[in-house]
Amino acid sequence: MTALSIVTSALDEIVEQAVYKDLFTPETTRIFPMGDYTNETFIDENGELEIVIASHNSQLIFNNSSFLKNLSKAKTQKQREKVSNAGTLDQFIVDFSNVLATHFNPTTYILLNNDGIKILCLQEYGFKILIRLATFNDLDDKAMLNFWDPMQKCIRPIDLFTYNENMEQKDARTNGNYKKLVRIFKNIRKTILVNKWAMGSDLNKYFIELIVYNIPDSLMTGNDIVECFCKSVNFLENCDVLSFVSFDGGALNTFSFAKLTYSRVINYIHYMTKLL
């Protein structure tokens with residue numbers, strides 16, 4: 001069973017509840033599996049998967065904004081506790097977490113952090129799943145996703161649609177080598193983390209994808225993936241990191257999830273060449 005199928009099964013189950021029945025429908029919901037490039041997103045040992053569930057249901061967006069507005073008006077903790085979460089992303093995360101728990105055994109940990117629902121299945125499978133919840137305005141040409149922060153009760157806009165579209169275009173331009181190289185670079189990342197040369201939060205998956213995204217297409221289009229990898233490493237050793245662009249074509253820090261800074265890129269390249 002795949003992580004994606006587990007999450008979608010749980011989603012199908014919870015939307016049967018009356019309060020959510022009309023909020024997450026096939027017509028209003030998009031699911032992005034972000035952590036693996038296999039078609040079915042199978043989980044392997046020590047695997048990590050990120051799933052984004054995004055809805056453009058106007059009622060959900062409205063309820064969420066109303067909840068925030070009422071929460072900000074409440075002056076005391078007791079008043080805040082009386083503010084209704086019904087039909088909001090905040091309440092959905094709580095209810096969805098309870099449903100997800102029934103799909104795993106008792107050794108699974110389901111936690112909330114600033115990013116969303118984090119599932120730690122260390123004793124069961126040895127993998128981690130992060131589920132982010134977001135809304136977007138379907139009439140907005142830019143289609144920015146508004147990621148819900150369960151802890152801070154705030155919204156962070158990210159252009160995930162452009163991110164996915166540009167990654168797919170990059171992969172097509174390089175004969176499928178972009179995604180292959182991302183896998184290779186992520187395996188190097190794992191070795192770096194095992195050696196405790198860096199923290200996982202410093203070298204997250206967006207960081208790796210964005211580094212490989214900035215390698216010129218001409219170095220990645222060959223039939224020999226090993227040769228493409230060697231050319232890519234040589235490029236990164238001598239490149240101008242400050243010329244990197246984000247998935248939306250902006251400056252290197254515009255895609256905030258990547259946490260891409262000059263020092264982190266230089267350190268990653270240093271550790272990578274040290275391993276090789």
Side-chain angles (χ1 to χ4, degrees), residues 3 6-7 10-11 14 23-24 29-36 47-55 60-61 63-72 74 77 80-81 83-101 104 108-122 127-137 143-164 186 189 193 198-210 246-248 252-261 263-264:
I6 292 173
V7 173
L11 184 62
I14 194 171
L23 297 183
F24 292 92
T29 306
R30 293 186 63 177
I31 298 179
F32 302 93
M34 308 291 291
D36 197 326
E48 295 182 21
L49 174 67
E50 181 174 325
I51 298 174
V52 177
I53 301 175
S55 171
L60 186 66
I61 298 172
N63 285 348
N64 218 53
S65 59
S66 297
F67 169 63
L68 282 175
K69 190 179 297 182
N70 293 332
L71 196 65
S72 65
Q77 184 62 35
R80 290 174 183 270
E81 290 173 356
V83 175
S84 174
N85 293 342
T88 66
L89 277 176
D90 200 60
Q91 185 61 43
F92 176 81
I93 286 178
V94 174
D95 295 339
F96 192 38
S97 298
N98 292 332
V99 172
L100 282 167
F104 297 96
T108 300
Y109 297 92
I110 298 181
L111 311 170
L112 282 183
N113 62 15
N114 290 339
D115 295 321
I117 305 171
K118 193 167 189 177
I119 305 173
L120 304 176
C121 313
L122 302 179
F127 66 86
K128 294 183 288 186
I129 306 173
L130 175 63
I131 303 174
R132 299 181 189 268
L133 275 296
T135 60
F136 66 97
N137 184 349
M144 297 288 287
L145 291 188
N146 296 307
F147 282 83
W148 180 243
D149 184 326
M151 308 304 291
Q152 300 296 322
K153 303 290 186 291
C154 63
I155 288 173
R156 292 178 292 166
I158 297 291
D159 189 357
L160 195 59
F161 291 95
T162 300
Y163 161 78
N164 277 278
K186 283 185 177 179
R189 166 191 177 269
L193 298 182
M199 297 177 59
S201 58
D202 289 343
L203 306 181
N204 60 34
K205 72 178 209 63
Y206 296 105
F207 175 90
I208 302 300
E209 290 166 1
L210 193 50
S246 188
F247 295 103
D248 59 6
L252 79 167
N253 280 317
T254 56
F255 196 78
S256 60
F257 284 171
K259 299 180 180 179
L260 190 66
T261 64
S263 60
R264 283 177 180 169

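Note that the numbering runs from 1 along the sequence shown for the chain.
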To the nearest 0.5 Å, how far apart are [atom1] in [X] and [atom2] in [Y]?
{"X": "L145", "Y": "N137", "atom1": "CG", "atom2": "CG", "answer": "11.5 Å"}
{"X": "S66", "Y": "I61", "atom1": "OG", "atom2": "CD1", "answer": "11.5 Å"}
{"X": "F136", "Y": "R30", "atom1": "CZ", "atom2": "CZ", "answer": "6.0 Å"}
{"X": "I51", "Y": "I129", "atom1": "CD1", "atom2": "CD1", "answer": "6.0 Å"}
{"X": "R156", "Y": "D149", "atom1": "CZ", "atom2": "CG", "answer": "5.5 Å"}
{"X": "L71", "Y": "E81", "atom1": "CG", "atom2": "CD", "answer": "11.0 Å"}

Nearest non-hydrogen partners of [X] and [Y], listed with the distance:
{"X": "D115", "Y": "R132", "answer": "OD1-NH1, 3.1 Å"}
{"X": "N113", "Y": "P150", "answer": "O-CD, 3.3 Å"}
{"X": "L100", "Y": "A10", "answer": "CD2-CB, 3.6 Å"}
{"X": "A74", "Y": "V83", "answer": "CB-CG2, 4.3 Å"}
{"X": "M151", "Y": "N114", "answer": "CB-OD1, 3.0 Å"}

Given I155, T88, T135, the one that forms side-chain contact (heavy atoms from CB on, under 4.5 Å) with W148:
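By the side-chain contact (heavy atoms from CB on, under 4.5 Å) criterion, W148 pairs with just one of I155, T88, T135: I155.
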Which residues pass the side-chain hydrogen bond (donor to acceptor under 3.5 Å, both in side chains) test with N63, not counting sequence neighbours?
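N63 satisfies side-chain hydrogen bond (donor to acceptor under 3.5 Å, both in side chains) with Q59 only.
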Under the side-chain hydrogen bond (donor to acceptor under 3.5 Å, both in side chains) test, residues paired with N98 that sit two or more places apart
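Result, side-chain hydrogen bond (donor to acceptor under 3.5 Å, both in side chains) vs N98: none returned.
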Who are the salt bridge (charged side-chain N to carboxylate O under 4.0 Å, His left out) partners of K118, not counting sequence neighbours?
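None.
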Identify, with sequence neighbours excluded, every residue that meets side chain to side chain contact (heavy atoms under 4.5 Å, CB included) alongside A101.
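Side chain to side chain contact (heavy atoms under 4.5 Å, CB included) check on A101 returns I110.
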With F96, which residues qualify under ring pair (Phe, Tyr, Trp, His ring centres under 6.0 Å), at least two apart?
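Ring pair (Phe, Tyr, Trp, His ring centres under 6.0 Å) check on F96 returns F92.
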According to ring pair (Phe, Tyr, Trp, His ring centres under 6.0 Å), who are the partners of F67, at least two apart in sequence or on a separate chain?
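Scan of F67 (ring pair (Phe, Tyr, Trp, His ring centres under 6.0 Å), adjacent residues dropped) gives none.
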List the steps, then state whether side-chain contact (heavy atoms from CB on, under 4.5 Å) holds for N85 with V94.
CA-CA 10 Å; N85 293 342; V94 174; 6.0 Å; no
Has the side chain of S55 got a donor or acceptor atom that lies under 3.5 Å from a matching backbone atom of L23?
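Here the side-chain-to-backbone pair exists.
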Is the shortest heavy-atom distance from the side chain of [X] to the side chain of [Y] under 4.5 Å?
{"X": "L11", "Y": "I31", "result": "yes"}
{"X": "L112", "Y": "I117", "result": "yes"}
{"X": "I119", "Y": "I6", "result": "no"}

